[in-house]
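Worksheet for the structure shown next.
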Amino acid sequence: MRFSKMFIPTLREAPADAEAISHILMLRAGYVRQLASGLYIFLPLGWRVLGKINAILKEEMEAIGAQEISMPILHPAEIWQQTGRWNAIGDEMFRLKDRTDRDMCLGMTHEEIMTWLASREIRSYRDLPQIWYQIQTKLRDEARPKSGVLRTREFIMKDSYSFDASEESLEKNYRLHADAYHRIFERCGLKFMMVESDPGMMGGATSHEFMAPSPAGEDEVATCGSCGYSANVELALSSPVKNEPVDWALEEVHTPEKRTVQEVSNFLKLQPSYFIKSILLINNKGPVLALVRGDQEIHEKKLAKIIGDHRPARKEEVKEILGVEAGFIGPVGHKIRIVADSSLKEGMFVSGANKQHYHMKGIRAEREFSAEWADIHIAKSGDSCIKCGNPLNIERVIEIGNIFKLGTKYSSALKAFFLDENGQEKLIIMGSYGIGPARIAAAAIEQNNDKDGIIWPKSIAPFDVELLPLNMNDAKTVEVAEGLYKALKGKGVEVLMDDREERAGVKFKDADLIGIPTQIILGEKNLKEGLLEIKDRKTKESVRVKIEEAVEKLTRA
RNA sequence: CGGGGCGUAGCGCAGCCUGGUAGCGCACACGGUUCGGGACCGUGGAGUCGAAGGUUCAAAUCCUUUCGCCCCGACCA
């Protein structure tokens with residue numbers, strides 16, 4: 001491709017509303033443009049990158065026997081009503097009516113439609129297993145689109161769905177996908193990890209996410225360097241570092257106007273980890289007192305699994321229910337339901353005395369109070385791994401893929417049955433598996449860039465090499481450039497030739513910005529000696545080679 | 001949805017507080033010089049100052065409403 005013929009609108013300055021590195025670089029290097037919040041146009045270079053990624057996705061999906069199909073993105077409401085998600089999902093679903101006033105929606109995912117197809121077409125165990133996949137647009141009215149193409153309202157997703165006759169068979173498809181995903185992300189040149197995740201609204205029991213470490217990510221994962229435990233912080237378990245044992249007599253201590261853990265901790269000169277943080281919550285059955293250690297935060301999702309939907313109690317409610325203002329509440333002497341973090345089981349603690357301006361010191365679990373025990377705190381860096389005890393590390397990550405065992409949630413709702421060997425009607429067992437190509441691209445940039453621009457992994461770069469004839473007014477330069485361009489293309493190398501009448505500096509700057517992994521630099525002086533330069537975008541190292549040897553050298557690597 | 005910020009030329013910004021002819025840099029067009037890391041000189045084109053309403057002799061500037069975009073949080077198949 002000739003640079004002069006390709007639309008590559010590079011920017012010297014970044015638009016002010018871009019913050020994430022990948023966003024800034026995609027805009028500056030002319031890969032994307034924003035249409036509106038969460039809506040992006042992929043320009044020629046950007047679209048080529050997505051094409052590269054999609055080609056890898058297709059190869060690896062076909063390799064595990066998945067078959068590509070294409071589903072509509074406009075869906076009738078009925079099917080979503082049958083699975084209950086029409087109501088379960090709120091504003092995130094784009095809804096509309098057709099001209100006959102029929103409710104419709106834009107597909108945010110395709111479990112419903114895939115299952116609908118399976119329910120009509122799959123009759124026998126002989127038809128199973130199946131894996132169907134597509135690379136298709138999804139629409140979600142995101143509450144907050146952000147970070148360029150990392151979180152958008154319209155995006156392309158590779159989504160596949162497995163249909164099996166048994167749990168064992170599902171397990172096999174799940175493994176096949178996990179393995180394929182590993183190969184895909186490896187081929188795309190990403191640093192990534194597979195972690196346990198919360199299936200959430202998807203239903204089903206098991207799910208994993210594929211995460212690319214990057215400060216631009218929205219999720220956090222806890223990983224253990226020694227045993228390999230890794231999980232999304234949404235469900236990661238951990239045990240905090242234990243306190244030095246103490247032996248206090250049970251006593252009330254005067255703590256005037258000291259309400260927060262930090263205030264009391266400073267006042268009594270005791271680490272926050274010696275405190276019990278008590279928070280009064282209200283669920284549909286009434287008040288619940290939740291307890292975590294003073295240095296921990298309550299994990300709302302973990303807690304919700306135990307006590308259901310809840311909200312914090314209002315100030316008046318705290319007084320009414322516990323008889324004391326919020327700063328001095330503690331677990332001792334109440335009859336209400338108490339859920340406590342397991343880390344409070346051992347040791348002695350300080351907590352509110354349920355008496356204005358007093359705290360109680362020397363509290364021991366199952367002596368001064370009893371509770372339902374569970375892990376309800378947010379895992380943090382330095383906590384101990386629950387499997388091996390070594391310290392956990394918490395990292396920010398970009399979610400680039402996920403895999404779910406769905407079970408029969410969708411097949412039962414949509415009556416997707418098959419007849420087994422014994423003529424028995426059974427529900428199809430399903431799995432669903434997603435990958436976001438644009439997120440792969442953004443994660444690749446987040447993980448591979450320098451002050452000059454993008455450094456693409458070879459596998460997903462828009463071109464293999466960029467040819468830089470520095471002076472287009474020099475006959476020799478043009479002749480060699482054209483020759484190389486043809487020769488390389490003839491060998492199947494994808495080459496972008498910067499044939500613009502631009503100064504050398506501009507070409508260098510744009511080449512670095514765009515980030516094609518290899519640059520071939522044609523300068524007059526070198527050409528006179530029969531040489532050219534091959535330069536590596538990542539290392540900035542260049543070697544001078546004979547013109548005749550260039551093609552061979554480039555195609556060998 | 002809650003909190004914060006910003007809308008002035010394609011991009012980055014100044015001007016707004018204290019109302020009085022809309023500016024700078026880059027980009028763009030033309031001419032000339034230059035030509036291996038975003039050149040220089042000269043000339044030129046380009047703006048409903050996000051929108052609507054109000055105050056005023058006069059509004060980019062003050063007031064009200066509204067729309068859009070970004071960031072933090074909530075939410076997130």
Side-chain angles (χ1 to χ4, degrees), chain A residues 9-20 23-24 27-30 33-39 75 80 83-86 88-94 105-114 136 138-148 150-153 155 157 159 161 197-204 207 209 216 218-219 232 234 300-301 304 311-312 399 402-404 406 409-410 432-434 436 451-453 468-474 477 498 500-514 519 521-527 532-533 535 540 542 544:
Chain A
T10 59
L11 262 25
R12 189 189 290 234
E13 285 173 290
D17 52 12
E19 194 116 324
H23 189 199
I24 292 171
L27 287 168
R28 283 195 56 210
R33 286 295 182 262
Q34 186 180 32
L35 172 65
S37 180
L39 298 175
H75 303 172
W80 286 81
T83 63
R85 287 163 124 197
W86 178 263
I89 297 168
D91 294 336
E92 208 174 325
M93 182 185 273
F94 281 108
C105 65
L106 301 178
M108 39 201 310
T109 174
H110 281 81
E111 279 79 17
E112 272 77 1
I113 313 305
M114 287 278 180
Q136 180 63 282
K138 311 287 180 213
L139 291 118
R140 296 178 192 176
D141 197 356
E142 287 287 348
R144 184 145 96 83
K146 57 183 285 199
S147 308
L150 279 177
R151 190 167 202 81
T152 55
R153 295 192 292 176
F155 58 96
M157 178 160 134
D159 48 325
Y161 304 82
S197 75
D198 184 349
M201 287 287 286
M202 284 298 287
S207 68
E209 288 165 324
E218 303 181 81
D219 288 286
N232 194 313
E234 286 180 356
E300 294 296 334
K301 282 188 180 167
R311 60 169 176 85
E399 182 186 351
N402 50 33
I403 55 180
F404 294 91
L406 298 175
K409 170 173 170 153
Y410 297 90
S432 94
Y433 317 87
K451 65 174 173 36
D452 294 313
L468 298 170
L470 296 184
N471 183 1
M472 290 301 290
N473 295 317
D474 176 57
T477 302
D498 193 346
R500 295 175 302 169
E501 302 253 353
E502 283 288 357
R503 301 166 60 83
V506 173
K507 295 191 180 190
F508 285 134
K509 287 290 184 190
D510 274 346
D512 286 350
L513 225 203
I514 289 165
Q519 302 172 359
I521 299 164
L522 304 179
E524 280 182 78
K525 279 181 201 140
N526 279 329
L527 292 178
L532 52 73
E533 264 173 83
K535 185 171 174 183
K540 297 269 170 104
S542 72
R544 296 205 295 169

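Each chain gets a letter, A, B and so on, in the order the sequences are listed, and its residues count up from 1.
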Rounded interatomic separation in angstrom, taking CG from A:Leu532 and C1' from B:G36:
14 Å

When rounded to whole Å, the CG to P distance for the pair A:Leu513 and B:G37 reads 17 Å

Given B:C72, is OP1 or OP2 found less than 4.0 Å from the side-chain N or O atoms of A:Lys146?
yes

With both distances under 3.5 Å as the test, what is the Watson-Crick or G-U wobble partner of B:G73?
B:C1

May I ask you to verify whether the side chain of A:Arg144 and the base of B:G4 hold a donor-acceptor pair under 3.5 Å?
no

B:A59 -> Watson-Crick or G-U wobble partner, both distances under 3.5 Å, gives none

Dump the intermediate steps for side-chain contact (heavy atoms from CB on, under 4.5 Å) on A:Thr477 and A:Leu470, then the final yes or no.
CA-CA 8 Å; A:Thr477 302; A:Leu470 296 184; 5.8 Å; no

Per A:Lys535 side chain, nearest of listed nucleotides B:G38, B:G36, B:G37:
B:G37

Can you name the nearest heavy-atom pair linking A:Lys509 to A:Asp452, along with the distance?
NZ-OD1, 4.3 Å

Both distances below 3.5 Å, Watson-Crick or wobble geometry, any strand: find the nucleotide opposite B:A14.
none

Opposite nucleotide pairing with B:G36, Watson-Crick or G-U, both atom distances under 3.5 Å:
none

Taking the minimum atom-to-atom distance to the side chain of A:Ala36, which one of B:G37, B:A39, B:C69 wins?
B:C69

Atom NE2 of A:His23 and atom P of B:C11: how far apart are they, to the nearest Å?
13 Å

Whole-Å distance, A:Asp219 CG to B:A74 P, equals 12 Å

Testing B:A27, B:G36, B:C71 for proximity to the side chain of A:Arg12, the answer is B:A27

Polar side-chain atom of A:Arg28 near backbone of A:Leu11 as donor-acceptor pair, under 3.5 Å:
yes

Please tell me which of the listed nucleotides, B:C69, B:G12, B:A74, lies nearest to the side chain of A:Gln34?
B:C69

Identify the heavy atoms of A:Thr10 and A:Ala29 that sit nearest to each other, and give their distance.
CG2-O, 3.9 Å

So what does A:Asp91 hit on the nucleic acid, given a heavy-atom distance under 4.0 Å: a base, only sugar-phosphate, or nothing?
nothing

Distance in angstrom units between A:Glu524 CD and B:G37 P, rounded
13 Å

Assess whether one donor atom and one acceptor atom, taken from the side chain of A:Asp512 and the base of B:G37, lie less than 3.5 Å apart.
yes

Once hydrogens and angles are ignored, does a donor-acceptor distance under 3.5 Å link the base of B:G38 to the side chain of A:Glu13?
no

Does a side-chain N or O of A:Ser37 approach OP1 or OP2 of B:G68 to a distance below 4.0 Å, or not?
no

Please give the nucleotide sitting opposite B:A46 as a Watson-Crick or G-U wobble pair, both distances under 3.5 Å, or none.
none

Report yes or no: is there a donor-acceptor pair, N or O only, under 3.5 Å between the side chain of A:Asp452 and the base of B:G37?
no

Tell me the interatomic distance from A:Leu470, atom CG, to B:G38, atom P, rounded to whole angstroms.
13 Å

Quick check: do A:Thr83 and A:Lys409 have side-chain heavy atoms less than 4.5 Å from each other?
no

Taking the side chain as every heavy atom from C-beta outward, state whether A:Asn232 and A:Glu399 have any pair of such atoms under 4.5 Å apart.
no

B:G7 base to A:Asp17 side chain: any donor-acceptor pair below 3.5 Å?
no

Whole-Å gap separating P (B:C75) and CD (A:Glu92):
12 Å

On RNA chain B, does the nearest nucleotide to A:Arg500 precede the nearest nucleotide to A:Gly434 from the 5' side, or the other way round? Give the residue.
A:Arg500

How many whole angstroms separate atom CD of A:Glu501 from atom C1' of B:A29?
17 Å

Which nucleotide sits closest to the side chain of A:Glu19: B:G38, B:C69, B:C71?
B:C71

Considering only heavy side-chain atoms of A:Ala143, the closest of B:G36, B:G38, B:C75 is B:C75

My understanding is that a pair needs two contacts under 3.5 Å, Watson-Crick or G-U wobble. By that rule, which nucleotide pairs with B:C6?
B:G68

Using Watson-Crick or G-U wobble geometry with both distances under 3.5 Å, which nucleotide pairs with B:U21?
none

Relative to each other, are the rings of A:His110 and A:His75 parallel, tilted or perpendicular (30° and 60° limits)?
perpendicular

Between A:Arg503 and B:U34, does any side-chain N or O lie under 4.0 Å from OP1 or OP2?
no

